[in-house]
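A short write-up of the structure that comes next.
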Number of protein chains: 2
Amino acid sequence: MRKLSGTSGLLLGMISVKGRQTGYEIKRLVEVSTRFFWAASPAQIYPELRRLESDGLLTSAEEPQGGRARTVYSVTETGERALREWLTESSAPGFELRNESLLKLFFADALPAEEQIELVRAMRAKHEAILDGIRKATPAYRPDRQFGYVSWLYGLGLHGWIVDWCKQLERDLAAGSMPLGPEEGDSSASRAG
Amino acid sequence: MRKLSGTSGLLLGMISVKGRQTGYEIKRLVEVSTRFFWAASPAQIYPELRRLESDGLLTSAEEPQGGRARTVYSVTETGERALREWLTESSAPGFELRNESLLKLFFADALPAEEQIELVRAMRAKHEAILDGIRKATPAYRPDRQFGYVSWLYGLGLHGWIVDWCKQLERDLAAGSMPLGPEEGDSSASRAG
DNA sequence: TGGCTCATGTAAGCCGTTACATGATTTT
DNA sequence: AAAATCATGTAACGGCTTACATGAGCCA
């Protein structure tokens, strides 16, 4: 059994949880749920569904609606087993981050004070926009989908923390209370948690 | 002037801040600083340095040490300007995250309770390892490199927050205090910040 | 009639990783 | 003498984004 990639686990998982799905339906589901920590575009979804089918983890049925083509996928027994294996396999799950705001902040010493603050403001705006997106995607609470709710809370909490961190840094910069040495553990310590 | 990618900004920034550098030196610098939010491998660094040189943003000098080839790069005037433009350009800086632990947690409802907790433990272990790496990379404090220190604090704070979130969830799961409805805003509210 | 949503897909390209290869020099 | 570090690179591949293309059905 080929090891599942994150994206194939995502597709398999969505179909398993929601039942029979088209690629388009999965795309919409992803947009209001996992996209904040695992995105997937049509150019990934459609070919990957076919691959999963040819591997025997999915079956498909052509169910056109009127003259409109439509392919509905279901998870096979083998697919369910593969999903559970993926969920519980003990290989270290990846955490990949590319944060360009922070990269710029890293080099901000060369900038004038006003532009330093502007960098932090732009970073905060970014995460406030993400927070908006997460809030709009509030999951309907269902006792059989608790972990959907839990990961939604994670998004709120994480980006909320970042926004607060930015606000604190903006205050410090505006007050000119930088330089802060590593031993002056007041606001910096609160930021470091 | 070609718009700089994050990675070219990184290279330009490192050479600008630290002065003349070889690719190898940059690789080591990245490993103890930006790699927690912006990684770069040799297979990116060496070709990109050449591209930046052919674009006139860097100059190189062959400075072999004994019989060992060595190419030292410096930032040109044009390069310094490009770096400042990149730092202050107002295009929204990207934030990309791929969190496979959280993706698995999202689908955890189907698992037995013990395996749910195991998932959270694995997630916490991951971030504790990252925290270790960040702590080991403590930057020497220098007043002219405050933002190097600030972004280090960010890493500590962010991953510290995640570890705490995992611990809280582990407690909730162990106590069986899930299901938690959206209106019972005690521990869940504290997690959401 | 025009625009939106449903629905499926492809092509080109960027970005990045893993793994490998080479060889000198320094340290143990 | 062996192992680690310095130093530079390439080949193959995987994964993902952007942009495009097609066409049906639905609604104002």
Side-chain angles (χ1 to χ4, degrees), chain A residues 2-11 15 20-32 34-35 37-54 58 60-73 91-92 94-100 103, chain B residues 2-11 14-15 20-32 34-35 37-54 58 60-73 91-100 103:
Chain A
R2 160 176 89 92
K3 201 177 164 268
L4 291 184
S5 70
T7 297
S8 45
L10 169 67
L11 301 181
I15 303 173
R20 305 158 41 77
Q21 298 283 302
T22 67
Y24 191 75
E25 286 167 330
I26 294 174
K27 181 189 142 268
R28 276 183 315 178
L29 284 173
V30 166
E31 230 134 84
V32 294
T34 66
R35 88 161 137 128
F37 50 89
W38 200 282
S41 67
Q44 285 175 274
I45 292 173
Y46 291 110
E48 183 64 28
L49 286 173
R50 299 196 158 187
R51 250 171 272 136
L52 289 170
E53 190 189 5
S54 80
L58 293 177
S60 70
E62 294 303 320
E63 296 184 8
Q65 215 124 76
R68 189 196 280 159
R70 205 163 145 275
T71 309
V72 184
Y73 290 89
S91 69
F95 179 89
E96 281 157 62
L97 178 61
R98 292 220 164 235
N99 189 340
E100 195 168 348
L103 182 60
Chain B
R2 162 176 88 93
K3 201 177 164 267
L4 290 185
S5 71
T7 298
S8 45
L10 169 67
L11 301 180
M14 282 296 190
I15 303 172
R20 306 157 40 77
Q21 298 282 304
T22 67
Y24 191 76
E25 285 167 331
I26 294 174
K27 181 189 142 266
R28 275 183 315 179
L29 283 172
V30 166
E31 230 134 83
V32 294
T34 67
R35 86 160 138 128
F37 51 90
W38 201 280
S41 65
Q44 285 175 272
I45 293 172
Y46 291 109
E48 184 62 30
L49 286 172
R50 299 196 156 186
R51 250 172 271 137
L52 289 170
E53 189 188 8
S54 79
L58 293 176
S60 69
E62 295 301 320
E63 296 183 9
Q65 215 124 75
R68 189 196 281 159
R70 208 163 145 274
T71 309
V72 183
Y73 289 90
S91 70
F95 179 88
E96 281 157 63
L97 179 61
R98 292 221 163 233
N99 188 340
E100 195 167 347
L103 182 60

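Values in this document were obtained by computation on a predicted structure and should not be read as measured data. Numbers restart at 1 for each chain; the letters A, B, ... are given by sequence-line order, proteins then strands.
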Exercise for the section: Output all residues satisfying salt bridge (Lys or Arg N to Asp or Glu O under 4.0 Å) with E48(B), sequence neighbours left out; order by chain, then residue number. Expected result: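 If we apply the salt bridge (Lys or Arg N to Asp or Glu O under 4.0 Å) test to E48(B), skipping adjacent residues, the hits are R2(B), R51(B).
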Handout entry: Set of salt bridge (Lys or Arg N to Asp or Glu O under 4.0 Å) partners for R20(B), sequence neighbours left out
Key =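 Per chain and number, R20(B) pairs via salt bridge (Lys or Arg N to Asp or Glu O under 4.0 Å) with E63(B).
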Practice task
First locate atom OH of Y46(B), then atom CZ of R50(B), and finally report the distance between them rounded to the nearest 0.5 Å.
Solution key: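 One finds 10.5 Å between OH of Y46(B) and CZ of R50(B).
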Handout entry: Spacing of I45(A) atom CD1 and L11(A) atom CG [to the nearest 0.5 Å]
Key =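 It is 6.0 Å, given to the nearest 0.5 Å.
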Do the side-chain N or O atoms of [X] get closer than 4.0 angstrom to the phosphate oxygens (OP1, OP2) of [N]?
X	N	result
S41(B)	dG16(C)	no
Y24(B)	dC6(D)	yes
T7(B)	dC15(C)	no
R98(A)	dT17(D)	no
R28(A)	dT5(C)	no

Taking [atom1] from [X] and [atom2] from [N], how many angstroms apart are they, rounded to a whole number?
X	N	atom1	atom2	value
K3(B)	dT18(D)	NZ	C1'	14 Å
R51(A)	dT8(C)	CZ	P	16 Å
F37(B)	dG16(C)	CZ	P	14 Å
I26(A)	dA7(C)	CD1	C1'	13 Å
L29(A)	dC6(C)	CG	C1'	14 Å
I45(B)	dT8(D)	CD1	C1'	11 Å

Between the protein and nucleotides 23-26 of chain C, which nitrogen or oxygen pairs come in under 3.5 angstrom?
residue	atom	partner	partner atom	Å
dT25(C)	OP1	G67(B)	N	3.0
dT25(C)	O4'	R68(B)	NH2	2.8

Practice task
Please determine which of L49(B), L29(B), V72(B) meets the side chain to side chain contact (heavy atoms under 4.5 Å, CB included) test together with Q21(B).
Solution key: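 The single option meeting the side chain to side chain contact (heavy atoms under 4.5 Å, CB included) with Q21(B) is L29(B).
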Handout entry: A39(B) backbone acceptor or donor facing R98(A) side chain under 3.5 Å
Key =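 Yes; at least one donor-acceptor contact below 3.5 Å.
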Problem - Comparing S5(A) and T22(B) on DNA chain D - which has the more 5′ nearest nucleotide - result: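 First, find each residue's nearest nucleotide; the 5'-ward one identifies T22(B).
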Practice task
Apply ring pair (Phe, Tyr, Trp, His ring centres under 6.0 Å) to F37(B) and list each qualifying residue two or more places apart in sequence or on a separate chain.
Solution key: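 With neighbours one apart ignored, the set is empty.
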Which protein N or O atoms sit under 3.5 Å from an N or O of nucleotides 9-14 of chain D?
residue	atom	partner	partner atom	Å
dG9(D)	OP1	R50(B)	NH2	2.1

Practice task
For T71(A), enumerate each residue passing the side chain to side chain contact (heavy atoms under 4.5 Å, CB included) test, keeping only those at least two apart in sequence or located in another chain.
Solution key: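 So T71(A) forms a side chain to side chain contact (heavy atoms under 4.5 Å, CB included) with S60(A), E62(A), Y73(A).
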